Number of protein chains: 2
Amino acid sequence: MKRTILLYSLALAALLFLLQWLQFGYIVRDLSLEFYLGVVAVVFTAVGIWAGLKLTKPKTKVVLQSNFIFNEEEYNRLGISKRELEVLGLMAQGLSNQEIADKLFVSLNTIKTHSANLFIKLDAKRRTQAVQKAKELGLIG
Amino acid sequence: MKRTILLYSLALAALLFLLQWLQFGYIVRDLSLEFYLGVVAVVFTAVGIWAGLKLTKPKTKVVLQSNFIFNEEEYNRLGISKRELEVLGLMAQGLSNQEIADKLFVSLNTIKTHSANLFIKLDAKRRTQAVQKAKELGLIG
DNA sequence: TAGACAATCATCCTTTTGGGTGAGGCTAAA
DNA sequence: TTTAGCCTCACCCAAAAGGATGATTGTCTA
């Protein structure tokens with residue numbers, strides 16, 4: 001960054017010097033002032049563009065990992081049912097069994113059964129582990 | 001984009017016209033040519049920088065989902081300690097409090113305290129929710 | 001040096017989770 | 001039509017997690 005600023009400063013100084021030289025030189029003595037100014041304008045516009053691009057840090061646009069691809073093979077291989085996957089998803093969102101039961105309009109016991117089956121199929125001992133494994137396997141986003 | 005080009009063209013035309021006007025006007029008749037040229041250079045440099053930034057498509061540096069960027073701002077804002085973050089990470093891996101305690105060579109009660117503090121700081125009611133929020137905030141991978 | 005804070009551990013109590021088992025209803029396939 | 005699988009629900013018991021509170025130690029820092 002500092003080097004870029006230095007370079008830009010040097011370039012600007014050189015151009016100003018060049019202007020000075022041209023002004024009293026013999027090369028463009030017969031050219032019209034309008035043309036002269038036009039050249040200056042164009043050159044400095046170019047310098048400005050270059051400087052602007054150099055000086056600004058590249059915008060880092062963080063693309064979130066929203067590109068989740070459902071792993072249907074694993075889903076079928078593990079024999080997980082639709083309802084179980086649904087429970088798994090809500091589980092991953094941090095809901096309790098009771099909250100999941102309320103959301104799906106079923107009893108708490110039903111959710112407990114689903115989760116128990118999930119733990120067996122995912123070979124997990126806890127819901128956090130089940131969620132972690134399910135994310136690794138691409139079953140949930 | 002097209003509108004930007006049009007705007008830039010108009011601005012350039014306006015500036016050239018201004019130059020023309022200044023050149024034969026009475027305002028800067030007594031100013032030195034060097035000063036005049038300097039102003040032109042500076043103005044067009046600025047225009048160039050602006051145009052350069054506007055015209056170039058924002059450099060989108062796509063960060064793949066695999067590399068996790070730790071969000072230090074959120075980490076500091078929430079006042080989470082090192083040890084708490086450590087516990088949070090192990091929690092996200094699906095470990096139980098007892099397993100975390102064993103891995104960190106501390107007592108189960110210590111882990112419970114850490115997790116309780118985490119839940120307060122993350123505004124979570126359950127460990128699964130804490131993990132989910134922490135992932136959203138970029139505290140864990 | 002006093003105060004703030006992180007890390008550690010404890011106790012008591014409640015809630016949630018998980019394991020095991022059984023069972024009825026419903027649907028799709030053999 | 002019988003079987004298999006899914007969804008549903010229940011009960012009991014044990015383990016884990018969570019809430020509240022207090023306390024000690026060590027390390028910075030104002």
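Here the structure is a predicted model, which means the values were calculated and not measured. Numbers restart at 1 for each chain; the letters A, B, ... are given by sequence-line order, proteins then strands.
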Hey, does the side chain of [X] come within less than 4.0 Å of [N]'s phosphate (OP1/OP2), counting only N and O?
X	N	answer
A:Thr110	D:dC7	no
A:His114	D:dT8	yes
B:Asn97	D:dA16	no

Taking [atom1] from [X] and [atom2] from [N], how many angstroms apart are they, rounded to a whole number?
X	N	atom1	atom2	result
A:Lys112	D:dA15	NZ	P	15 Å
B:Ile111	C:dA6	CD1	P	16 Å
A:Ile100	D:dT8	CD1	C1'	16 Å
A:Gln98	C:dG18	CD	P	14 Å

Item to complete: Return the set of residues passing ring-ring contact (aromatic ring centres under 6.0 Å, His included) with A:Phe119 (not counting sequence neighbours), or none when no residue passes.
Response: none

Worksheet, complete the sentence: Closest non-hydrogen atoms of A:Ser81 and A:Lys121, given as atom of the first, atom of the second and distance, are N-NZ, 4.3 Å

Worksheet item: So, the side chain of B:Asn97 versus the backbone of B:Lys112: is there a donor-acceptor pair under 3.5 Å, distance only?
Response: no

Response to the item:
Sorted by position of nearest nucleotide on DNA chain C, 5' first, the leading residue of A:Thr113 and A:Leu95 is A:Leu95

Worksheet item: Which residue pairs satisfy the ring pair (Phe, Tyr, Trp, His ring centres under 6.0 Å) criterion with at least one member in residues 74-114 of chain B, sequence neighbours excluded?
Response: B:Phe70-B:Tyr75

Worksheet item: Going by heavy atoms closer than 4.0 Å, what residues in residues 101-109 of chain A are next to DNA chain D?
Response: A:Val106, A:Ser107, A:Asn109

Item to complete: State, without any angle test, whether A:Thr110 and A:Ser107 hold a side-chain donor-acceptor pair at a distance under 3.5 Å.
Response: yes

Worksheet item: At under 4.0 Å between heavy atoms, what does B:Ser115 touch on the DNA or RNA strands: base, sugar-phosphate, or nothing?
Response: nothing

Discussion item. Check A:Arg126 with B:Glu99, please: is the shortest side-chain N to carboxylate O separation under 4.0 Å?
Written reply: yes

Practice prompt. Mind listing the residues from residues 76-91 of chain A sitting with a heavy atom below 4.0 Å of DNA chain C? Number order is fine.
Written response: none

Worksheet item: Among residues 117-141 of chain B, which residues get a heavy atom nearer than 4.0 Å to DNA chain C?
Response: B:Arg126

Worksheet item: Bend across the helix from C:dT1-D:dA30 to C:dA30-D:dT1, to 10°, with axes taken over 5 pairs at each end?
Response: 50°

